[in-house]
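Step one of this worksheet: look at the structure below.
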Amino acid sequence: MSLLEVKDVNQYYGGSHILRNVNLSAALGQVTVVLGRNGVGKTTLLKSLMGLVPIKSGSITLDGVPIEKTTPYERARMGVGFVPQGREIFGRLTVEENLQMGLAYKKGGTPIPAELFELFPVLKQMLGRRGGDLSGGQQQQLAIARALAAGPK
Ligand SMILES: Nc1ncnc2c1ncn2[C@@H]1O[C@H](COP(=O)(O)OP(=O)(O)OP(=O)(O)O)[C@@H](O)[C@H]1O
Ligand SMILES: [Mg+2]
């Protein structure tokens with residue numbers, strides 16, 4: 001079975017039917033891509049997978065476990081990572097604190113994985129800088145690193 005299975009998911013914003021019977025499966029160790037024109041619902045689908053917006057019907061399973069009724073923080077603990085389209089880093093926290101936010105559900109004092117700084121060396125140079133003072137692309141690196149920090153599946 002795939003790591004992630006999405007079956008017949010429907011989602012609405014008010015009266016607007018955004019996701020219509022969406023089906024998707026994603027296997028461990030593979031890259032799965034969702035393509036579509038602007039406004040078609042890609043971000044809405046990802047937010048639904050993370051639990052940031054509720055779905056009206058359908059199921060989402062991770063490793064065979066239904067997750068569609070769980071909260072975002074529960075999904076994070078189950079191994080779902082999320083990089084928001086708008087980055088949503090914490091502008092007044094430092095780069096280091098932003099990365100620690102990605103480890104929030106781990107034991108206190110869990111170190112930031114060193115391989116993040118191999119992927120994104122600029123973050124190491126800027127550990128003490130405020131997130132809001134990074135360039136757009138550097139913030140994007142930070143958002144990805146924050147999502148990877150806890151080792152999502
Ligand atoms: N919070 C919201 N409330 C109401 N409608 C919304 C909301 N967010 C998105 N929409 C609408 O839902 C539809 C899907 O938006 P979504 O952001 O999922 O598209 P997308 O595929 O990610 O687009 P893009 O490629 O531009 O990022 C659009 O028609 C959009 O206007
Ligand atoms: Mg989008």
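Any value given below was found using the heavy atoms of this structure, including those in side chains, with hydrogens, waters and symmetry copies removed. Source: prediction; values computed, not measured. Atoms within each ligand, like the ligands themselves, are counted from 1 in listed order.
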Note to self: Which residue and atom name correspond to the protein heavy atom nearest atom 17 (O) of ligand 1, and how close is it?
What the structure shows: T43 CB, 3.7 Å
Next item on the list: Give the numbers and elements of all ligand 1 atoms closer than 4.0 Å to a heavy atom of V40.
Entry: 19 (O), 21 (O)
Notebook entry, point to check: Of all the heavy atoms in G41, does at least one lie under 4.0 Å from an atom in ligand 1?
Noted result: yes
Item checked: Closest non-hydrogen atom pair, G102 against A150 -> O-CB, 3.4 Å
Note to self: Hydrogens and angles aside, do T94 and R130 bring a side-chain donor and acceptor to less than 3.5 Å of each other?
What the structure shows: no
Next item on the list: Would you check if F90 and R146 make a side-chain contact, meaning some heavy-atom pair closer than 4.5 Å?
Entry: yes
Item checked: Heavy atom of protein inside 4.0 Å of atom 31 (O) of ligand 1, strictly below -> no
Next item on the list: Work out which heavy atom in H17 is nearest to a heavy atom in Q11; give both atom names and the distance.
Entry: CD2-O, 3.6 Å
Next item on the list: Provide, to 0.1 Å, the distance between atom 26 (O) of ligand 1 and the closest protein heavy atom, together with that atom's residue and name.
Entry: N38 ND2, 3.3 Å
Note to self: Strictly under 2.8 Å, is the Mg ion (ligand 2) approached by any N, O or S atom of N38?
What the structure shows: no
Notebook entry, point to check: So, do Q140 and V83 sit near enough that their side-chain heavy atoms are less than 4.5 Å apart?
Noted result: yes
Margin query: To check your reading of the model: name the closest protein heavy atom to atom 5 (N) of ligand 1, its residue, and the distance in Å.
Written below: Y13 CD1, 3.3 Å
Next item on the list: Determine whether F82 and L49 make a side-chain contact, defined as any pair of heavy atoms from C-beta on separated by less than 4.5 Å.
Entry: no
Notebook entry, point to check: Under 4.5 Å between any side-chain heavy atoms of M101 and L93, yes or no?
Noted result: yes
Notebook entry, point to check: For atom 25 (O) of ligand 1, what is the nearest protein heavy atom, given as residue, atom name and distance?
Noted result: K42 NZ, 2.6 Å
Next item on the list: Considering only protein heavy atoms, determine whether one is less than 4.0 Å from atom 7 (C) of ligand 1.
Entry: yes
Next item on the list: Under 4.0 Å, heavy atoms only, figure out whether ligand 1 is touched by the backbone of K47, its side chain, both or neither.
Entry: neither
Check: Is I18 touching ligand 1 with its side chain, its backbone, both, or neither, if touching means heavy atoms under 4.0 Å apart?
Finding: side chain
Checklist line | Residue pair G81 / P152: nearest heavy atoms and the distance that separates them | finding: N-CB, 3.7 Å
Next item on the list: Examine T43 and say whether one of its N/O/S atoms is closer to the Mg ion (ligand 2) than 2.8 Å.
Entry: yes
Next item on the list: Note the single closest protein heavy atom to atom 14 (C) of ligand 1, along with its residue, its atom name and the distance in Å.
Entry: G39 O, 3.2 Å
Next item on the list: Could you check if a side-chain atom of I60 sits within less than 4.5 angstrom of a side-chain atom of I55, using non-hydrogen atoms only?
Entry: yes
Check: Can you tell me the protein heavy atom closest to atom 15 (O) of ligand 1 and the distance?
Finding: T44 OG1, 3.7 Å
